[in-house]
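Input: a single structure, listed below in structure tokens.
Keep in mind that this is a model prediction, so the values were computed, not measured. Residue numbering restarts at 1 for every chain, and letters A, B, ... go by the order of the sequence lines.
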Amino acid sequence: MSQLQSLRGMVDLLPEALQRWQVVESFAREHFRRSGFGEIRTPLLETTDLFCRGIGEGTDVVGKEMYSFTDRGDRACTLRPEGTASVVRASLQHGLLSQGAQKLWYAGPMFRYERPQAGRQRQFHQIGVEWLGAESARSDVEVIALAWDLLASLGVGGLELELNSLGSAEDRQAYRTALVTWLEQRVDQLDGDSRARLSSNPLRILDSKNIDIQALLDQAPTLADALSPESRLRFEAVQQGLTALGIPYRLNPRLVRGLDYYSHTAFEITSDQLGAQATVCGGGRYDGLIAQLGGAATPAIGWAVGMERLLLVLEAATKADPNGAAARLVGTSAPDAYVVNRGEQAETMALGLARALRAAGLTVELDGSGSAFGKQFKRADRSGARWALVLGDEEADRGQVRLKPLLGQGDEGTWAVAEIAAIVDMLRTP
RNA sequence: GCGGGCGUCGCCAAGUGGUUAAGGCAGCGGCUUGUGGCGCCGCUAUUCGGGGGUUCGAAUCCCCUCGCUCGCCCCA
């Protein structure tokens, strides 16, 4: 390919698509504000070490998906593959946690070097929340509800909340040992992937998509059985809380999230509209992470929504129900007025008029082509504007503008260009 | 990283070895040198993602490469 083009998996967002993005982003921003979460923005570039220590050396993300390089000062840098580690780092660096618990949200691009496919890009965007210092089971419920409500308010249907508990660090360690022991006796029945994970990340074998492996695992010791009584009580409290809020969920004892830092509650919200990459939102509790990154032991929980996937689901919902809530999110972008103008003096006046009307809050499209009136009216019509404002030599000489309604067949009228307030009134009347 | 499918104008798309690469939409111009929504007319790919090769001759066959796509892996 000789023409310049974006890097593989790096996608341009064009104005049409961005309209939907902005609706979703402003929905989210408002949702978080009402819920008491403050925004945080952290650098896209961090030390490689942050992610190695935070996410875990044995994970696929750190092992093979990071965009890492050394900068001119010989520092090992990585484009962030996820948001949590950065948020924790920033909170520690600025002593935020000494002021008590922090409820934070963020939005922005993340980078993972993977083979692109439906719902998966190398640069993608997440909106996420992190509640640092959240201890109770009730906080799990609130955070999950925060995600559920955001998606619901956008009109996304067909979602499923999957829930599991990984137990405490000790529970997890004990189970890991038990599972490895059990699987090692059946190595001959494992596929290549699972064998490799046996040493690197055995819990991940649980959510293998290989049917034979799943059948084998039916006989294996379960994570649920390995939970301590405390962990089990905690998990039950989370479930009761969700039930009390009327949020439906499905227990998935094989849900194991890929990053090492998760403990206790783990969840995903999936859509049946997405193909293989079905997870729209993923999150969970990470009680050990903050201590691991050098802070005082602090429990925390958070989640992230994949913007691209959310938009895909929204588009599917719009297609399925053109009058539904999702469809209504994107309003028309037709201008209030389209300025038809031609002639030296008229064009100067037209620009001034457009500027004044825009300052008054109207959306005004100014034709800059200087082409024949017929052409300009054609474009005015296509723009969907309710009014055409006409400025030619005749009008310019008299200091007037002609207002022509484009929707009905009302009469045109002429107005003095200087009387902006009167014109604004006219354009605003339905 | 592994496997399958695909790549013709901004978008959709015909063409599967033989002179000039259909058509539709959009765009631009004209009919209409100051008035739109309809209509009619015209223009817009020396070139078929890129590079090699086979052939008298290739968009059509082969190889390499890039990209897209679906699945695996993994996750948002």
Check whether any side-chain heavy atom of R122(A) sits under 4.5 Å from a side-chain heavy atom of F111(A), and report yes or no.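 No - every pair of side-chain heavy atoms lies 4.5 Å or more apart.
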Within residues 109-131 of chain A, the residues having a heavy atom closer than 4.0 Å to RNA chain B are R112(A), E114(A), R115(A), Q117(A), A118(A), G119(A), R120(A), Q121(A), F124(A), Q126(A)
Residues in residues 139-156 of chain A with a heavy atom under 4.0 Å of RNA chain B, by number, are none
Using the [atom1] atom in both, what is the distance from [N] to [M], to the nearest Å?
N	M	atom1	value
C6(B)	C61(B)	P	11 Å
C2(B)	C64(B)	P	14 Å
A21(B)	G30(B)	P	29 Å
G67(B)	A59(B)	P	25 Å
U46(B)	C72(B)	P	41 Å
C63(B)	G4(B)	P	13 Å
A14(B)	C48(B)	C1'	13 Å
C70(B)	C31(B)	P	48 Å

pair_partner(A21(B)), Watson-Crick or wobble, both distances < 3.5 Å, evaluates to none
Under 6.0 Å from the CD atom of E412(A), do we count more than 12 heavy atoms belonging to anything else shown? yes
By nearest atom, which of the nucleotides [options] is closest to the [X] side chain?
X	options	value
D393(A)	G34(B), G37(B), C73(B)	G34(B)
K64(A)	A76(B), G34(B), C73(B)	C73(B)
R8(A)	A76(B), C68(B), G30(B)	C68(B)
R342(A)	G29(B), U33(B), G67(B)	U33(B)
K378(A)	G39(B), A26(B), U35(B)	G39(B)

Worksheet entry | Carboxylate-amine/guanidinium contact R254(A) D218(A), below 4.0 Å |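 Yes, charged N to carboxylate O under 4.0 Å.
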Walking RNA chain B from its 5' end, the first of T59(A) and L274(A) to be reached, judged by nearest nucleotide, is L274(A)
Taking for G392(A) and for R382(A) the nucleotide of RNA chain B with the nearest heavy atom, the one nearer the 5' end belongs to R382(A)
Inset, instruction - Give one of base, sugar-phosphate or nothing for E412(A), where a contact means two heavy atoms less than 4.0 Å apart. - result: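 It contacts base atoms.
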Base, sugar-phosphate alone, or nothing: which one does E394(A) contact when heavy atoms must sit under 4.0 Å apart?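 Base contact.
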